[in-house]
Amino acid sequence: MAVVEYHPTAYRTHTLGQIQESGAELLATEVKICGFMEAARGKGKICFMDIRDGTGRCQIFFKEGAVDEHTLAQAQNLSRESTVQVIGMVAEKRPPKVAEGEPTPPPTYEVVASALNVITEAMTPLPLGVTDTVSVGLDTRLDNRYMDLRRSHVSAMFTLRSRVLQYGREHLITEGFKEINSPKIIASASEGGTNLFPMMYFDTPAFLSQSPQLYKQLTILGGMERVFEIGPAFRAENHDTYRHLNEFISFDIEGAWMDDDDVMAVQERMINHIWQSVADNDQDQIDIINQYRISQDEQPITVDVPSIPFPRIEYCDAIKMIQDSGANISWGDDIESSHCDIIAAIHPGFHFLPRWPMAMKPFYIHHITGEDGATGEQLSRGFDLNYGRDEMTSGGQREHNVEVLEENLRNKGLDPADFSFYTDGFRYGAPPHAGWGLGVARLLMALTGARNVRETVLFPRDRQRVTP
RNA sequence: GCCCGUGUGGUGUAGCGGUUAUCAUGAGGGGUUGUCGAUCCCUUGACCCGGGUUCGAUUCCCGGCACGGGCGCCA
């Protein structure tokens with residue numbers, strides 16, 4: 001992971017993180033620092049102020065004599081979450097009293113203030129307390145996300161989200177994938193099936209894209225070999241669950257000269273790399289989340305790097321597994337949430353579900369004629385990746401033969417003519433190819449133990465919420 | 001969209017056909033303190049909206065709105 005360097009800015013010479021990390025070298029150095037005022041203790045001749053910036057926390061010590069009376073009073077009466085700029089000297093903090101026999105903790109650092117500049121004063125009361133021990137409802141948190149984000153475990157969640165995307169990118173680049181951006185305003189349904197959000201594109205009716213699928217494929221037809229995209233997808237579905245949003249970030253790949261097994265292998269290598277990198281670099285963020293979880297009487301989470309290959313449970317075997325447990329399901333039925341619970345009881349971690357019936361998969365999924373399931377019906381080269389009961393990914397080998405593609409479209413009740421912008425791309429030489437789309441928010445849920453996808457999305461969009 | 005449940009200070013909660021409506025956290029004031037989940041004292045602030053039943057509704061009933069859980073569908 002790259003080393004981060006914070007250069008001085010117009011407002012500060014050092015970050016609070018730098019003061020804690022390099023306090024020993026900075027002793028007796030004058031620094032200018034900024035932050036949100038988290039807590040102020042002391043009403044007499046002294047005041048201890050904890051401030052927080054995006055890199056860490058620091059205690060500021062105000063004392064009579066070092067600052068004038070007005071400054072001391074200002075520090076003592078400042079409302080929580082006000083933003084301040086402080087000038088002072090770095091000093092070693094007096095160690096806290098430790099019980100007999102306890103080891104002395106390593107030195108920490110503070111700033112002895114000589115000047116305080118209140119940048120903006122926070123209104124009171126706060127819509128939710130940043131450091132309060134009371135729990136806050138999700139709706140209140142989302143309505144006031146700017147304040148919720150100041151809470152350390154929430155901040156840790158989005159730091160991890162950034163890292164997960166970074167490690168995912170990193171891995172795919174090492175396997176030769178190039179990052180692309182496909183249009184989100186489209187003229188027609190890209191897959192059929194789900195409901196799209198209609199919109200007006202000047203005078204032309206258009207839609208928000210539900211998936212980059214067809215565009216990824218066009219880049220493969222264009223010879224780009226291996227591509228990935230991390231971008232939004234929009235679905236106008238009336239679902240209302242812990243794992244659905246109407247706008248979500250889809251992490252997609254597509255690769256030429258590959259089949260479904262090949263891209264499953266890419267995916268498990270990528271997830272393994274992400275988990276391994278988080279375990280190596282980001283335990284501090286996991287610790288912050290765990291500290292909060294413990295305060296809420298929840299089990300702490302551990303980053304268990306999943307070993308590869310992940311288990312593969314073919315559709316036919318999954319149906320058998322579900323039937324054996326006593327549930328009522330027949331070949332050709334969808335595997336529903338309650339069925340996923342049955343599989344998850346046996347395979348609690350990541351597992352692939354390959355070889356679904358062709359009838360249940362979209363038109364662009366490839367099938368090998370004669371590759372039939374238990375009841376003699378055509379299987380596809382489509383697969384899912386689940387973590388526990390939750391679907392993370394849908395993917396597969398794509399159909400590269402234009403005649404078969406058009407036949408598939410007709411079989412799904414779609415008119416090939418509506419897809420000519422896409423099917424025409426297959427008429428001039430087409431490589432076999434495969435890919436998948438992964439829900440980033442769901443992957444974060446798997447990593448962090450979040451039980452609601454809204455925890456892993458900054459400003460979620462669901463049926464009831466378009467704001468903030 | 002369907003089924004079930006819940007709406008009480010800023011936040012999170014307890015509770016009840018007639019209460020001084022509980023507790024925590026916060027906010028305001030003060031005391032003490034090189035503090036560090038600071039602490040102690042005082043003060044402050046709430047029953048989602050509309051209709052009905054009732055002598056009386058925050059409590060019961062109906063409707064609305066909002067939220068939570070489950071399901072369908074999906075990533």
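A, B, ... follow the sequence lines: proteins, then strands. Residue 1 opens every chain.
Phosphate contact (OP1/OP2 of B:A75, side-chain N/O of A:S250, threshold under 4.0 Å): absent. Contact annotation: A:R94 side-chain N/O to B:G34 OP1/OP2 distance is not under 4.0 Å.
For A:E110 against B:G34, a side-chain-to-base donor-acceptor contact under 3.5 Å is present. Between the side chain of A:H244 and the base of B:C74 there is at least one donor-acceptor pair of N/O atoms closer than 3.5 Å. For A:R451 and B:G69, a side-chain-to-base donor-acceptor distance below 3.5 Å is absent, hydrogens and geometry of angles not being considered.
No aromatic stack links A:F48 and the base of B:G34, using centre distance under 5.5 Å and interplanar angle under 30°.
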Test ring-ring contact (aromatic ring centres under 6.0 Å, His included) applied to A:W436 and A:F352, step by step: CA-CA 12 Å; A:W436 41 254; A:F352 286 108; 9.2 Å; no
I'd like a list of close polar pairs between nucleotides 6-11 of chain B and the protein, N/O only, cut-off under 3.5 Å.
residue	atom	partner	partner atom	Å
B:G10	O2'	A:L126	O	3.3
B:G10	O2'	A:P127	O	3.4

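Along RNA chain B, the nucleotide closest to A:S337 and the one closest to A:Q76 are compared, and the more 5′ of them pairs with A:Q76.
Without hydrogens or angle criteria, A:H153 side chain to A:R151 main chain gives no donor-acceptor distance under 3.5 Å.
Contacts of A:F248 classified as ring pair (Phe, Tyr, Trp, His ring centres under 6.0 Å), with partners at least two apart in sequence or in another chain: none.
Heavy atoms of A:D334 sit under 4.0 angstrom from primed sugar atoms or phosphate atoms, though from no base atom. Residue-level contact check: A:K45 touches neither bases nor backbone, having no heavy atom under 4.0 Å from any strand.
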